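Working notes, beginning with the structure itself.
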Amino acid sequence: MTPTKKTTTRKTRVKLPPNPFVHEILELVDSQRTKAKKIQILQEYDDLALKAILIWNFDPTAISVLPDGPVPYKENEVPIGTDHTSLRREWKNLYHFVKGGNDRLSAIRRETMFVQMLEGLHPEEAKIICLVKDKDLESKYKITYEIVQQAYPDIHWGGRS
């Protein structure tokens with residue numbers, strides 16, 4: 001018998017494609033075990049859409065003007081990469097859904113716009129927006145206000161509504 005050489009495999013961190021979906025970034029952050037690695041991932045994939053989502057979720061002065069709870073929308077079921085929009089494109093419209101953003105919109109128009117946006121998004125990104133509107137992102141992803149604060153010291157918290 002010849003002794004076999006024991007090999008160890010190191011788990012290498014997944015590298016995301018250029019311009020990843022927000023849900024891909026959050027899933028990668030979620031999979032990290034240490035706070036330092038979570039911060040590193042957030043900094044590496046720094047994006048305005050991601051920051052907008054995190055601000056809406058964690059800033060107590062970013063107040064949602066949409067009803068709490070589940071949203072009645074139909075998930076976009078087309079194959080990935082064919083007919084989805086992304087939060088990278090839609091984040092600029094999120095101001096319509098927070099207090100002080102576009103207060104002239106009627107509640108019906110605002111809710112219709114929200115449902116239309118959700119139906120165009122990748123299903124995972126739509127789920128993120130639904131969690132964020134209720135400030136409940138932590139129920140799905142292991143990410144905290146403290147981690148976001150350390151990853152993005154340039155974000156000014158408060159005074160949004």
Side-chain angles (χ1 to χ4, degrees), residues 13-32 35 37-68 70-71 73-103 105 109-161:
R13 188 170 64 77
V14 176
K15 189 79 171 157
L16 296 177
N19 301 320
F21 285 106
V22 169
H23 79 271
E24 292 174 316
I25 298 168
L26 291 175
E27 286 167 7
L28 185 57
V29 169
D30 186 59
S31 70
Q32 304 306 305
K35 187 165 84 168
K37 291 213 186 236
K38 290 176 189 277
I39 292 168
Q40 179 186 358
I41 300 292
L42 286 171
Q43 290 173 336
E44 182 177 345
Y45 294 102
D46 183 1
D47 180 72
L48 292 173
L50 177 61
K51 284 183 177 179
I53 294 301
L54 295 171
I55 289 168
W56 189 3
N57 189 77
F58 290 109
D59 192 331
T61 64
I63 300 165
S64 179
V65 288
L66 295 164
D68 288 341
V71 181
Y73 74 99
K74 186 174 186 267
E75 275 190 11
N76 190 335
E77 296 176 354
V78 297
I80 294 173
T82 54
D83 194 29
H84 292 103
T85 187
S86 71
L87 286 173
R88 284 183 177 275
R89 287 189 220 130
E90 295 292 330
W91 75 272
K92 292 178 182 177
N93 295 318
L94 298 179
Y95 76 96
H96 292 295
F97 312 117
V98 294
K99 185 176 179 184
N102 187 356
D103 293 333
L105 276 179
R109 177 69 182 132
R110 180 178 289 112
E111 290 172 29
T112 302
M113 287 172 56
F114 190 68
V115 168
Q116 287 172 341
M117 181 182 69
L118 292 176
E119 289 177 346
L121 286 171
H122 181 287
E124 289 302 314
E125 297 217 323
K127 289 174 189 171
I128 288 170
I129 291 293
C130 289
L131 290 171
V132 166
K133 82 166 179 67
D134 294 332
K135 296 194 178 285
D136 196 25
L137 195 61
E138 303 93 324
S139 69
K140 184 169 182 172
Y141 301 101
K142 295 177 200 137
I143 186 168
T144 64
Y145 172 68
E146 181 184 353
I147 289 170
V148 174
Q149 237 182 344
Q150 289 180 25
Y152 303 124
D154 58 319
I155 293 177
H156 299 287
W157 299 97
R160 297 196 191 280
S161 56

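We're numbering straight along the sequence, starting at 1. Remember, it's a predicted structure, so these values are computed and weren't measured experimentally.
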Result block: side-chain N/O donor-acceptor pairs under 3.5 angstrom for residues 111-120, not counting sequence neighbours:
unit_1: Thr112; atom_1: OG1; unit_2: Ile108; atom_2: O; d: 2.8
unit_1: Glu119; atom_1: OE2; unit_2: Lys74; atom_2: N; d: 3.1

Residues 91-102, side-chain donor-acceptor partners within the protein, below 3.5 Å, at least two apart:
unit_1: Asn93; atom_1: ND2; unit_2: Glu90; atom_2: OE1; d: 3.2
unit_1: His96; atom_1: ND1; unit_2: Asn102; atom_2: ND2; d: 3.0

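Taking every heavy atom of both residues into account, Leu137 and Ile143 meet most closely at CD2-CG2, 4.4 Å. In terms of heavy atoms, Arg88 sits closest to Ala49 at CA-CB, 3.8 Å. For the pair Cys130 and Val71, the tightest heavy-atom approach, listed with the atom from each and the gap, is SG-CG2, 3.9 Å. The minimum heavy-atom distance between Pro67 and Lys133, with the atom names listed, is O-NZ, 2.7 Å. When all heavy atoms are compared, the tightest approach of Ser86 to Phe21 is CB-CE2, 3.7 Å.
Note: Leu48 CG to Leu87 CG = 12.5 Å, rounded to the nearest 0.5 Å. To the nearest 0.5 angstrom, Ile25 atom CD1 is 11.0 Å from Tyr141 atom OH. Note that CH2 of Trp56 and CG of Asp134 are 9.0 Å apart. Values are rounded to the nearest 0.5 Å. Atom NZ of residue Lys15 and atom CG of residue Leu28 lie 9.5 Å apart, to the nearest 0.5 angstrom. Here the CD1-CD1 distance, from Ile128 to Ile53, works out to 7.5 Å after rounding to the nearest 0.5 Å. One distance of note links CD of Glu44 with NZ of Lys37; it measures 11.0 Å at 0.5 Å rounding.
For the ring-ring contact (aromatic ring centres under 6.0 Å, His included) with Trp157, the qualifying choice from Tyr145, Tyr152, Phe58 is Tyr145, the only one to do so.
Taking a cutoff of 4.0 Å between a charged side-chain nitrogen and a carboxylate oxygen, Glu125 and Arg89 do not qualify as a salt bridge. The residues Glu146 and Lys38 are annotated as not salt-bridged, no charged nitrogen and carboxylate oxygen being separated by less than 4.0 angstrom.
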Exercise for the section: Walk me through it: do Gln32 and Gln40 pass the test side chain to side chain contact (heavy atoms under 4.5 Å, CB included)? Expected result: CA-CA 10 Å; Gln32 304 306 305; Gln40 179 186 358; over 6 Å; no
Exercise for the section: For Glu138 and Asn57, run side chain to side chain contact (heavy atoms under 4.5 Å, CB included): C-alpha distance rounded to whole Å, both residues' side-chain angles, the deciding distance at 0.1 Å, then the answer. Expected result: CA-CA 9 Å; Glu138 303 93 324; Asn57 189 77; 3.5 Å; yes
Practice task
For Lys140 and Glu124, run side chain to side chain contact (heavy atoms under 4.5 Å, CB included): C-alpha distance rounded to whole Å, both residues' side-chain angles, the deciding distance at 0.1 Å, then the answer.
Solution key: CA-CA 11 Å; Lys140 184 169 182 172; Glu124 289 302 314; 2.9 Å; yes
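For the pair Leu66/Arg110, a side-chain contact is recorded, criterion being any heavy-atom separation below 4.5 Å from C-beta on. Residues Leu50 and Leu42 meet the side-chain proximity criterion, which asks for heavy atoms closer than 4.5 Å. The closest side-chain heavy-atom distance from Arg160 to Pro60 is not below 4.5 Å.
Remark: Glu75 engages Lys127 in a salt bridge (Lys or Arg N to Asp or Glu O under 4.0 Å) (not counting sequence neighbours).
With Asp30 contributing its side chain and Lys142 its backbone, the two residues share a donor-acceptor pair below 3.5 Å. Although no hydrogens or angles enter the test, the distance criterion places no donor-acceptor pair under 3.5 Å between the side chain of Tyr45 and the main chain of Glu24.
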